[in-house]
Amino acid sequence: MIDFFHDTLYQPLYNGLIYLIGIMPGADVGLAVLCLTVLVKLVLLPLSEKAVATQLTMKRYEPEMNAIKEKYKNDKEGQAQAILTFYRTNKINPLASVFVILIQMPIIISLYYVFYAGGLPNVNMDLVYSFIKVPEVIDMHFLGLLDIGKKSLLLAVLVGVTQFFQMKLSIPPLPPREKKAGAPSLKEEMSRSLNLQMRYVMPVFVSVIAYSISGAVGLYWTTSNLFAIAQELYLRKKFAVERAEIETNRTK
């Protein structure tokens, strides 16, 4: 399995990085990291679009789902059956986004590993394809200013900031606490705790990791987060327009 991922994902991505370095002005590794990250994200965009579409569809039908849960709150089996019937009626696949994420993860991890363990500015010739031209000199200074071969506090901070906004967009907002008798359920408290951790702890965590490794990883992570933010905003707008058109056609 490890050999499969090495040969089908890691090595092609590594060669893509070396090729891009060779065609970048001054063999700038930072520019190559930016380009490779964006290219991979563009390839994965159709899959990401399906995941976001599923999430937005689920959010759209959230009031109906809550009504079903409330109606069958004392009948778990009936609740499950009613939810499955609702999914089939409205052609919703709740596992679609999970499946899409599982497909993307090996690619994203391999891309991360290329920047983490690529060994630049040294090139591993055992991994380079014969038709890839290896640049004679590799510049680890991004735009001639920032050495991404070393730790970078600036890029680590950017990773944390962009991760925060990316999480803020992708994670549903916390619902207000309901005023009801008794203490909140364990499930509600765990949900709120996880939400808060993803919003505020995760950005700090990835920022620390990015700083502990190298500027190349920090640049990759920052670029990836910025792309994810732009993608989320674009897809939200796209699906909002599509929903508006559907509603308009229904009222005619």
Side-chain angles (χ1 to χ4, degrees), residues 41 44-109 162-206 224-225 227-252:
K41 289 290 186 178
L44 295 175
L45 184 59
L47 292 175
S48 300
E49 186 171 344
K50 289 182 181 180
V52 173
T54 300
Q55 293 171 359
L56 293 176
T57 301
M58 295 286 287
K59 186 173 181 62
R60 177 187 177 189
Y61 288 111
E62 192 173 11
E64 290 89 339
M65 293 295 297
N66 289 337
I68 292 174
K69 292 176 181 179
E70 180 64 25
K71 181 179 179 180
Y72 295 94
K73 62 181 180 180
N74 296 321
D75 181 7
K76 295 300 180 182
E77 185 176 344
Q79 183 185 98
Q81 187 60 44
I83 290 175
L84 288 175
T85 301
F86 183 83
Y87 284 155
R88 285 195 295 266
T89 302
N90 293 279
K91 298 179 180 180
I92 300 172
N93 182 3
L95 298 178
S97 59
V98 177
F99 178 68
V100 168
I101 291 172
L102 290 177
I103 293 176
Q104 294 184 67
M105 284 305 295
I107 302 174
I108 299 300
I109 292 173
T162 55
Q163 185 73 34
F164 170 77
F165 286 106
Q166 198 261 323
M167 289 287 101
K168 186 176 181 180
L169 279 173
S170 60
I171 298 178
L174 281 169
R177 291 185 181 273
E178 297 182 7
K179 295 182 179 179
K180 55 184 180 182
S185 67
L186 178 61
K187 182 179 178 181
E188 290 175 346
E189 286 301 300
M190 289 184 64
S191 177
R192 294 185 70 87
S193 176
L194 181 61
N195 192 303
L196 289 171
Q197 289 180 42
M198 292 297 291
R199 284 172 178 272
Y200 302 107
V201 178
M202 178 65 78
V204 176
F205 179 70
V206 297
S224 181
N225 287 340
F227 189 95
I229 291 170
Q231 172 185 286
E232 184 80 18
L233 293 174
Y234 162 73
L235 292 177
R236 283 189 182 188
K237 183 177 181 180
K238 177 183 177 181
F239 289 119
V241 171
E242 290 179 356
R243 286 201 304 270
E245 291 176 351
I246 292 173
E247 294 298 328
T248 301
N249 293 330
R250 284 179 178 176
T251 57
K252 287 182 179 180

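Bear in mind that the values here come from a model prediction, so they are computed numbers and not experimental data.
- Taken to the nearest 0.5 Å, the CZ atom of F227 stands 8.5 Å off from the CG atom of L44.
- The OG1 atom of T162 lies 10.0 Å from the CE atom of M167; values are rounded to the nearest 0.5 Å.
- Atom NZ of K168 is separated from atom CD1 of I229 by 11.0 Å, given to the nearest 0.5 angstrom.
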Side-chain donor-acceptor pairs of residues 64-71 under 3.5 Å, sequence neighbours excluded:
residue	atom	partner	partner atom	Å
N66	ND2	E62	O	3.3
E70	OE2	K73	NZ	3.1

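- Using bins of under 30°, 30° to 60° and over 60° for the plane-to-plane angle, the ring pair Y200/F164 lands in the tilted bin.
- Of all heavy-atom pairs spanning Q166 and A228, the tightest one is CG-CB, 3.7 Å.
- Here the CD-CG distance, from Q231 to L169, works out to 11.0 Å after rounding to the nearest 0.5 Å.
- Crowding of Y87 atom OH: a count of heavy atoms from other residues, nucleotides or ligands under 6.0 Å exceeding 12.
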